[in-house]
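First the structure, in the form of structure tokens, and then the observations on it.
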Amino acid sequence: MTIELTNCPNCSIKLKTGILSNTSLLSDEKTNIINEYHDKKSIAYCTKCGTGLYNKYESQLLEERKSTSQLIQKLIDAVPVISTHLPLNWDYDILSMVTGQSTTGTGVISELTSSFTDLFGVQSGRYNSKLKNGEDICFAQLRKKALDLGGNAVIATDIDYSEVGVAKGMLMVCMGGTAIKLKNITILGQERADKIKELSILNERMKVLNTFKI
């Protein structure tokens, strides 16, 4: 049986609704955000005691999301993505297949085919730059998906390129690999292992932060 509250559980002020005065409980979402950071937890907060707290912790949550995302982007290259199927001396558990896709902008194919004589010139440079951007996006996707699965490396990685679109004026980069949980992670070197451990902690924290809808 649901019990309707007549007073705020946090500050005990009487809840009331009216034209001249309106004191009501904050939404569950706002309450959860407050309780994520506030030392003294409560099952609910009213508009009198909770509005200021919510405004404070909403800003704190957004700032933590931003800083955590920046740290993840800074460290994510530490996660190995390799084509080898059975890396020597790696002790690991297989988690799942992971994939990444990226579509490069219009005009890539025409830039490649327009001038063979410019193979090592401007056209080639533009083409390779767009290709690399697509590859980097796919690498990041594979690494992030591996982390989300609780992994710390991707093996047996394959990369493919294909023309897409009616006029085939776009290029799609596709990658696929196997996410693993490397148990003897120090085989990668202590510095890299430390970065991956920090990255895993940051990624788990980011999952929590993303559960809050702002």
Side-chain angles (χ1 to χ4, degrees), residues 1-79 81 93 95-103 105 133-134 136-154 179-182 185 192-214:
M1 184 176 70
T2 302
I3 301 176
E4 186 175 348
L5 296 173
T6 57
N7 294 80
C8 173
N10 184 58
C11 67
S12 300
I13 194 171
K14 185 175 179 59
L15 302 174
K16 52 187 175 180
T17 303
I19 297 176
L20 299 178
S21 178
N22 186 349
T23 304
S24 57
L25 295 177
L26 297 181
S27 66
D28 290 342
E29 184 64 35
K30 291 183 177 181
T31 296
N32 291 337
I33 290 173
I34 293 173
N35 283 335
E36 180 66 21
Y37 295 99
H38 199 47
D39 291 334
K40 183 181 177 182
K41 316 298 182 186
S42 177
I43 62 170
Y45 302 85
C46 69
T47 50
K48 294 290 186 183
C49 68
T51 300
L53 290 174
Y54 173 73
N55 290 337
K56 173 185 176 182
Y57 294 132
E58 178 191 35
S59 299
Q60 189 169 335
L61 172 61
L62 292 173
E63 182 56 37
E64 186 180 0
R65 266 188 192 169
K66 179 181 178 181
S67 60
T68 303
S69 177
Q70 290 173 340
L71 285 171
I72 290 174
Q73 291 177 46
K74 180 180 178 181
L75 295 171
I76 201 163
D77 284 349
V79 176
V81 177
D93 293 324
L95 301 178
S96 177
M97 180 180 180
V98 288
T99 61
Q101 303 83 31
S102 174
T103 303
N133 288 338
D136 288 344
I137 291 171
C138 290
F139 278 123
Q141 290 175 353
L142 262 58
R143 289 176 168 119
K144 183 65 168 60
K145 289 180 179 180
L147 288 171
D148 288 343
L149 290 169
N152 49 29
V154 181
I180 64 168
K181 175 72 173 181
L182 183 58
I185 194 171
R192 191 171 191 179
D194 290 341
K195 287 181 179 180
I196 293 174
K197 289 176 183 178
E198 181 183 357
L199 188 57
S200 296
I201 294 171
L202 289 168
N203 195 61
E204 288 304 310
R205 178 56 181 166
M206 197 64 180
K207 287 182 183 179
V208 174
L209 297 175
N210 284 337
T211 62
F212 300 108
K213 309 301 180 185
I214 296 181

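Checked by atom type and distance alone, the side chain of T211 pairs as donor or acceptor with a backbone atom of V208 at under 3.5 Å.
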Sequence neighbours excluded and cut-off under 3.5 Å, please list the side-chain donor-acceptor pairs for residues 145-152, or say none.
unit_1, atom_1, unit_2, atom_2, d
K145, NZ, T99, O, 2.7
D148, OD1, K144, NZ, 2.9
D148, OD1, N203, ND2, 2.9
D148, OD2, K144, NZ, 3.2
N152, OD1, L182, N, 2.7
N152, ND2, L182, O, 3.2

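Taking a 6.0 Å sphere around NZ of K40, one finds it holds 12 or fewer heavy atoms contributed by other residues, nucleotides or ligands.
Residue pairs meeting the salt bridge (Lys or Arg N to Asp or Glu O under 4.0 Å) criterion with at least one member in residues 203-214, sequence neighbours excluded, are E36-R205, E64-R205, E204-K207.
Scanning all heavy atoms of the two residues, the minimum distance from S69 to M206 falls at CB-CE, 3.9 Å.
Atoms NZ and CG, from K195 and L202 in turn, are 13.0 Å apart once rounded to the nearest 0.5 Å. Summarising the geometry, atom CD1 belonging to I34 is positioned 7.5 Å from atom SG belonging to C49; distances are rounded to the nearest 0.5 Å. Note: L26 CG to L53 CG = 9.0 Å, rounded to the nearest 0.5 Å.
We find that D77 and R143 are joined by a salt bridge, their nearest charged nitrogen and carboxylate oxygen being less than 4.0 Å apart.
Not a single side chain to side chain donor-acceptor pair (under 3.5 Å) links N210 to another residue, sequence neighbours left out.
Between I33 and I214, the closest side-chain pair of non-hydrogen atoms falls below 4.5 Å. Using a 4.5 Å heavy-atom cutoff, the side chains of C46 and L15 are in contact. For the pair L209/L61, a side-chain contact is recorded, criterion being any heavy-atom separation below 4.5 Å from C-beta on.
In summary, the side chains of N35 and Y45 do present a donor paired with an acceptor at a separation below 3.5 Å, with no hydrogens or angles considered.
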